[in-house]
Amino acid sequence: MKSTLEQALQEAVTKLLLNIDTNDTPRVHLTRSKADGHGDYACNIAMVLARCLKQKPSDIATNILFHVQWPAEVCKTEIAGPGFINIHLKAASEANILCSIVAQGVQYGNQHVTSPQKICIEFVSANPTGPMHVGHGRGAVLGDSLVRLLQTQGHDVQREYYINDAGGQIGVLACSVWARIKELQGQAVVFPEGGYPGLYIVDIAREILISHPFKTLLKMPENERMTLLADLAVSKNMTLIRADLARLNIHFDLFFSERQLHESGAVNTLIQRLQDDNLIFNGILPPPKGKSVSDYTPQVQPLFKTTSFGDDVDRPVIKQDGTPTYFAADIAYHYDKHGRGFDRMIDIWGADHGGYVTRVQAAVEALTGLQKQPDVLLVQMVNLTRNGQPVRMSKRAGTFVTLEEVVREVGADAVRFNFMTRRAETQFDFDLEQAKLQSNENPVYYVQYAHARIYAVLRKAEAMNVRRIAATDCDLSLLVAKSEQALIAQLLGYPGLLQKAADRLEPYRLTNYAMQLAAGFHTFYHQCRIIQDNTALVHARLLLAEAVAQVLHNTLNVLGVSAPEKM
RNA sequence: GCGCCUGUAGCUCAAUCGGAUAGAGCAACGGACUUCUAAUCCGUAGGUUGCAGGUUCGAUUCCUGCCAGGCGCACCA
């Protein structure tokens, strides 16, 4: 209906502009009217045209209305405010959407974009040195919902996890585990400086001792032992991480190992290629600004000319000891993704990596010519509090609340929904005690309750032997109550909302929509009794309720939240 | 010092790529269960959209400058 109206208006505008010398015809864009009394749709085209036509918007609107050929459903139009064209439709003229919703079921709202893309979304990528904390959880929930959201638009989307299983931190991990193993054997140990003090390391140590006797470990050469311990610890941590993710119903298509990238020679090959392309030169980096670095010494080292692609300074790709930097591996990783045929890469990082975006994009552009790739979504910090008191989150201190604990306390649905109630770029104050309250303060229950409530009514109808008729046989013109009209309008908006959320990579919009739709249903529920004497009205209202349940289900599904039929 | 993010009701957040009277929830107050799930609904109250300019028919939205908070700033990952 919306596009039909837009087309009608567009034709009128084109006619209007026939005699006028203009370069381009602005596109007509209809919006749903917000306020009561403004009709069903509103159009601002007259105001848009005001400048180039140099006429008053209200006069232009009058002219447009003179030319336009409306479809039969339009019952009234008016010019309001500064020049809006408000369109009123005949009552319930769009109610047949309910039939489509029920017929399309879980597919309602989905579409197939004209040019589907192969998209790789990399998210979480928590270091395999310990359990995930709440901040990781936010990124995890965002990434997974984003995958689901882009899939509704017909894209081919994959979930990818980049395992940082190389570098110094893995050595530290191995040392920490070894210290705990010796401790468990009753040896007095000095815990390594900067090691991971968390108790989970003790668990890992204990597990390793079961499969690898202490004597055997002791006999091994230092190098060999540390490599083995690192492998085992990483593997066990990844098992924990996968379990944490599974608890949130998140499953990755690929876990990509950084170490593999080094061992396969991909990183060195890449550095060689950069050298061949004259993108690397020997230079001296200036001292970092604003951060006191006591041991800064100017030195000549190989630098990647990222400044040629928009970066602030050139970046080192090889460390003093001759091994590649993390950055080098990361470039190789993104280059690999590109090689695997992804049209688009989306990375979800923590806000503390914000300074890293430009250099990766610069590198990707240098290598592939793609601009602004990857798309990086920076997830701001989660400030975890307990009864208003801040809880420190630090792997190093070993005193963090793990994601697992939170999911156990609050439940996966509540964690997923709550994390998606805010935009990614806003900081999130997440209070453990408040999130544990399973009351109406928790929006997820509000939405799920609406869904369960509909099913209660459907069960009731069945119990009362209300014989259902085909959706297309329902007399939907009976749905004229204010709350019924409002619900239908909300349901009509769902596909557009999905598309918008997908275009902007903003799944949080779905939580807002779900809450509004649930509110719309609760209002309807109180205002209009579904099961009553008028059989035709019962049929129409049951169909409406069913459609609402379907759309709630679809919305929650994109958010990865369950839609219970009973609560 | 520089870069990125944020600033809206007492609190937590919305506001459809610049639209009409800036909306919800919580907290406060007053109502609604002999009837489909009261985990709900209805009503009242609550605002100089951080500050100051600019752009135009029109600004929470865009631009500039300030203020406040968060994150980051070589040879770590």
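Below, chains carry the letters A, B, ... as their sequence lines are ordered, and counting in each starts from 1.
A donor-acceptor pair under 3.5 Å is absent between the side-chain atoms of A/Gln111 and the main chain of A/Val113, judged by distance alone. Panel note: side chain A/Tyr513, backbone A/Leu498; no donor-acceptor pair is recorded below 3.5 Å. The backbone N or O of A/Pro316 lies less than 3.5 Å from a partner atom in the side chain of A/Thr325, making a donor-acceptor pair.
With sequence neighbours left out, the ring pair (Phe, Tyr, Trp, His ring centres under 6.0 Å) criterion links A/Phe256 to A/Tyr333. In terms of the side-chain contact (heavy atoms from CB on, under 4.5 Å) criterion, residue partners of A/Phe524 (sequence neighbours excluded) are, by chain and number, A/Ser483, A/Glu484, A/Leu487, A/Phe521, A/Cys528, A/Ile530, A/Arg541, A/Leu544. Residues forming a side-chain contact (heavy atoms from CB on, under 4.5 Å) with A/Ile280 (at least two apart in sequence, or on another chain): A/Ile271, A/Leu274, A/Gln275, A/Pro302, A/Val317. With sequence neighbours left out, the salt bridge (Lys or Arg N to Asp or Glu O under 4.0 Å) criterion links A/Asp375 to A/Arg344. Residues passing the side-chain contact (heavy atoms from CB on, under 4.5 Å) test with A/Asp533, sequence neighbours excluded: none. Judged as a side-chain contact (heavy atoms from CB on, under 4.5 Å), and not counting sequence neighbours, the contacts of A/Asn44 are A/Met47, A/Val48, A/Phe84.
Rounded to whole Å, atom C1' of B/C36 lies 15 Å from atom CD of A/Glu546. With rounding to whole Å, A/Gln516 atom CD is found 12 Å from B/C13 atom C1'. For A/Gln490 and B/G23, the CD to C1' distance is 14 Å, given to the nearest whole Å. Computed from coordinates, the A/Ile170 CD1 to B/A77 C1' distance equals 9 Å when rounded to whole Å. Atom CZ in A/Phe419 sits about 17 Å away from atom P in B/U12, given to the nearest Å. The separation between A/His38 atom NE2 and B/U16 atom C1' is 16 Å, rounded to whole Å. Separating the OH atom of A/Tyr513 from the P atom of B/A24 is a distance of 17 Å, rounded to the nearest angstrom. Distance A/Asn418 CG to B/G25 C1': 12 Å, rounded to the nearest Å.
Because its NZ or CZ atom is both nearer than 6.0 Å to the ring centre of A/Phe428 and within 45° of the ring axis, A/Arg422 counts as a cation-pi partner of that residue.
Separation of the C1' atoms belonging to B/U34 and B/C13 is 40 Å when rounded to the nearest angstrom. Taking atom P in both B/A24 and B/A45, the straight-line distance is 13 Å, to the nearest Å.
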What pattern of brackets, bars and dots sums up RNA chain B from 5' to 3', given Watson-Crick or G-U wobble pairs under 3.5 Å, [ ] for crossing pairs and | for another strand? (((((((..((((.....[...)))).(((((.......))))).....(((((..]....))))))))))))....
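Scanning residues 519-528 of chain A for heavy-atom distances under 4.0 Å to RNA chain B yields A/His522, A/Thr523, A/Tyr525, A/His526, A/Cys528. At a non-hydrogen distance threshold of 4.0 Å, A/Ala452, A/Arg453, A/Ala456, A/Val457, A/Arg459, A/Lys460 from residues 452-461 of chain A come into contact with RNA chain B.
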What one-letter contact string describes nucleotides 56-61 of chain B from 5' to 3', where B marks a base within less than 4.0 Å of any protein heavy atom, S marks contact via sugar-phosphate atoms alone, and - marks no contact? SB----
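Heavy atoms of A/Gln299 sit under 4.0 angstrom from at least one base atom. Among the protein residues, A/Asn164 comes within range of the sugar-phosphate backbone only, with heavy atoms under 4.0 Å from sugar or phosphate atoms but none that close to a base.
Looking at A/Asp314, its side chain has no donor and acceptor atom pair within 3.5 Å of the base of B/A74.
Residue pairs meeting the side-chain hydrogen bond (donor to acceptor under 3.5 Å, both in side chains) criterion with at least one partner in residues 454-463 of chain A, sequence neighbours excluded, do not occur; the list is empty.
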Nucleotide N/O to protein N/O under 3.5 Å, stretch nucleotides 3-9 of chain B:
unit_1 : atom_1 : unit_2   : atom_2 : d
B/C5   : O2'    : A/Glu425 : O      : 2.5

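With B/U37, B/A77, B/A20 as the candidates, the nucleotide lying closest to the side chain of A/Phe84 is B/A20.
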Criterion side-chain contact (heavy atoms from CB on, under 4.5 Å) on A/His522 and A/Arg453, from CA distance to verdict: CA-CA 9 Å; A/His522 288 312; A/Arg453 198 177 221 184; 3.0 Å; yes
